[in-house]
A.B. asks: 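Questions regarding the structure given below will be posed in turn.
Whatever order the structure lists ligands and atoms in, that order sets their numbers, starting from 1.
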Amino acid sequence: MSDPVETSRAQFDRQAACYGRAHILRDVSDVAAALDGFDAARLSPALDVATGAGHTAAYLAERGVAVTAADISEGMLEEVRKLAVERGLDISTRQHAAESLPYADTSFRLVTCRVAAHHFASVEGFLREAFRVLRPGGLLLVIDGASPEGAPVAEKWLQGVEKLRDPSHGRFLRSSEWRKLAEQIGFEVLRGDCLPFKQPDLEWYFHTAGTPEATRSEVRQMVVQAPAEVRRVLGLAEEEGKVVWWWPRLTFLGQRPEVAKTASQT
Ligand SMILES: C[S@@+](CC[C@H](N)C(=O)[O-])C[C@H]1O[C@@H](n2cnc3c(N)ncnc32)[C@H](O)[C@@H]1O
């Protein structure tokens with residue numbers, strides 16, 4: 001069986017150039033909204049896990065947060081360094097997997113991870129590591145696609161499309177799964193809500209992942225044959241000749257408690 005971390009590394013090394021300026025992830029208003037009200041001192045130093053082309057890390061650096069941008073793909077880290085030079089930002093880069101963070105305990109005040117956890121070999125492993133490297137009172141912000149709650153047909157369709165489009169996709173967890181896992185590890189959940197996020201063009205989405213033509217045809221078939229639940233829950237439709245749909249997008253904000261819980265409190 002292929003190693004999911006290696007599959008992601010190969011996929012993103014190949015596609016790194018597609019995640020820069022023209023990518024929808026360049027719009028970091030989701031991160032800005034989630035961290036509104038926290039000043040730079042409260043968030044510094046920060047670790048941006050699976051940073052991709054560095055859009056989240058650049059946003060933090062622009063706010064005056066000392067940030068390390070980490071990713072498994074050296075191709076992506078090269079994009080981060082280019083972005084930092086272009087925007088005159090100071091961003092350190094490190095290459096490593098999300099599931100094994102090479103930092104001492106309590107190194108950071110903020111860990112971010114945006115639109116990446118669905119690739120991870122182990123979300124639980126990542127959460128445990130994030131908890132370990134956060135200081136007491138430190139924050140974890142995860143933004144990611146999520147599976148809809150109570151809609152198994154739409155969940156299966158979404159999972160099938162994502163996996164065909166990009167084999168390094170693992171799974172979108174439901175927001176209830178994020179909450180449960182995070183609480184088990186010890187996080188206090190400050191928020192864990194989903195809002196719809198538009199995927200504006202299936203063909204562009206294929207392009208960013210380098211999806212082979214045969215697989216694109218399979219996905220187009222799935223779109224044509226999509227059950228009513230998929231159209232209703234995911235808003236799958238055609239707009240001006242483009243296939244669009246709406247991901248449930250999770251914003252999860254957790255905090256490592258200031259004081260560790262004792263065994264009787266857990
Ligand atoms: C869509 S991009 C991330 C976007 C970015 N966070 C942003 O805000 O623009 C997904 C990234 O996850 C990285 N990735 C996937 N699996 C990983 C893993 N197990 N550990 C670390 N990085 C991983 C990929 O290399 C890729 O750069």
A.B. asks: For Glu99, is at least one N or O under 3.5 Å away from an N or O on ligand 1?
C.D. replies: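 Among all N and O atoms of Glu99, at least one is under 3.5 Å from an N or O of ligand 1.
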A.B. asks: Give yes or no for whether the N/O distance cutoff of 3.5 Å, strictly under, is met between Ala98 and ligand 1.
C.D. replies: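 Yes, Ala98 has an N/O under 3.5 Å of an N/O on ligand 1.
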A.B. asks: Is there a heavy atom of Ala53 sitting under 4.0 angstrom from any atom of ligand 1?
C.D. replies: no
A.B. asks: At a 4.0 Å threshold, what atoms of ligand 1 neighbour a non-hydrogen atom of His96?
C.D. replies: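 Listed by number with element: 21 (C).
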A.B. asks: Any salt bridge linking Lys242 with Glu203? Criterion: basic side-chain nitrogen under 4.0 Å from a carboxylate oxygen.
C.D. replies: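 So Lys242 does not pair with Glu203 through a salt bridge.
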A.B. asks: Considering only NZ, NE, NH1 and NH2 on the basic side and carboxylate oxygens on the acidic side, decide whether Glu229 and Lys156 come within less than 4.0 Å.
C.D. replies: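 Not counted as a salt bridge, because no side-chain N and carboxylate O are separated by less than 4.0 Å.
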A.B. asks: Report the member of Phe120, Phe126, Phe12 with the shortest heavy-atom distance to atom 18 (C) of ligand 1.
C.D. replies: Phe120
A.B. asks: Would you please indicate yes or no on a ring centroid separation below 6.0 angstrom for Trp245 and Phe197?
C.D. replies: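 For Phe197 and Trp245, the ring centres are not under 6.0 Å apart.
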A.B. asks: Which atoms of ligand 1 have any heavy atom of Ser73 under 4.0 Å away?
C.D. replies: 25 (O)
A.B. asks: Decide, yes or no, whether a salt bridge links Glu124 with Lys180 under the criterion of side-chain N to carboxylate O below 4.0 Å.
C.D. replies: no
A.B. asks: Determine, stepwise, if the pair Leu47 / Leu101 fulfils side-chain contact (heavy atoms from CB on, under 4.5 Å).
C.D. replies: CA-CA 10 Å; Leu47 172 67; Leu101 303 179; 4.1 Å; yes
A.B. asks: Provide the number and element of each atom of ligand 1 under 4.0 Å from a heavy atom of Val115.
C.D. replies: 1 (C), 2 (S), 3 (C), 10 (C)
A.B. asks: Taking both backbone and side-chain atoms of Asp71, is any N or O found less than 3.5 Å from an N or O belonging to ligand 1?
C.D. replies: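 Yes, since at least one N or O of Asp71 sits under 3.5 Å from an N or O of ligand 1.
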A.B. asks: Which is it for Arg114 and ligand 1 at heavy atoms under 4.0 Å: side chain, backbone, both or neither?
C.D. replies: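 Both the backbone and the side chain of Arg114 come within reach of ligand 1.
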A.B. asks: Assess whether atom CG of Asp90 is packed by more than 12 heavy atoms of other residues, nucleotides or ligands within 6.0 Å.
C.D. replies: no
A.B. asks: Under a 4.0 angstrom heavy-atom cut-off, which atoms of ligand 1 come close to Thr56?
C.D. replies: 7 (C), 8 (O)
A.B. asks: Identify, for atom 14 (N) of ligand 1, the protein heavy atom at the shortest distance, and state residue, atom and that distance.
C.D. replies: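 The closest one turns out to be Ile72 CG2, 3.9 Å.
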A.B. asks: Does Ala50, backbone or side chain, put an N or O under 3.5 Å from an N or O of ligand 1?
C.D. replies: yes
A.B. asks: Ring centres of Tyr103 and His96 under 6.0 Å apart?
C.D. replies: yes
A.B. asks: Show me which atoms of ligand 1 lie under 4.0 Å from any heavy atom of Ser8.
C.D. replies: 15 (C), 16 (N)
A.B. asks: I'd like to check which ligand 1 atoms, numbered from 1 as shown, lie under 4.0 Å from a non-hydrogen atom of Ala116.
C.D. replies: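 Those atoms are 10 (C), 12 (O).
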A.B. asks: Find all atoms of ligand 1 within a distance of less than 4.0 Å from any non-hydrogen atom belonging to Leu25, and give their numbers and elements.
C.D. replies: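 Near Leu25, the atoms of ligand 1 are 1 (C), 4 (C), 9 (O).
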A.B. asks: Can you measure from SG (Cys113) to CG (Leu141) and round to the nearest 0.5 angstrom?
C.D. replies: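 Rounded to the nearest 0.5 Å, the SG-CG separation comes to 9.0 Å.
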A.B. asks: Between Thr51 and ligand 1, find which residue part has any heavy-atom pair under 4.0 Å and reply side chain, backbone, both or neither.
C.D. replies: backbone
A.B. asks: Please could you name the atoms of ligand 1 that His55 approaches to less than 4.0 Å, counting only its heavy atoms?
C.D. replies: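 With His55 as reference, the close atoms of ligand 1 come out as 9 (O).
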A.B. asks: Does any part of the side chain of Val123, heavy atoms only, come nearer than 4.5 Å to the side chain of Leu173, both counted from C-beta?
C.D. replies: yes
A.B. asks: With respect to Asp48, determine whether any N or O atom, backbone or side chain, lies less than 3.5 Å from an N or O atom of ligand 1.
C.D. replies: no
A.B. asks: Of the options Asp27, Asp144, Asp30, which is the one that meets Arg114 in a salt bridge (charged side-chain N to carboxylate O under 4.0 Å, His left out)?
C.D. replies: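 Single pass found, and it is Asp30.
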A.B. asks: Identify whether NZ of Lys or CZ of Arg in Arg256 sits under 6.0 Å from the centre of the six-membered ring of Phe187 and within 45° of that ring's axis.
C.D. replies: no
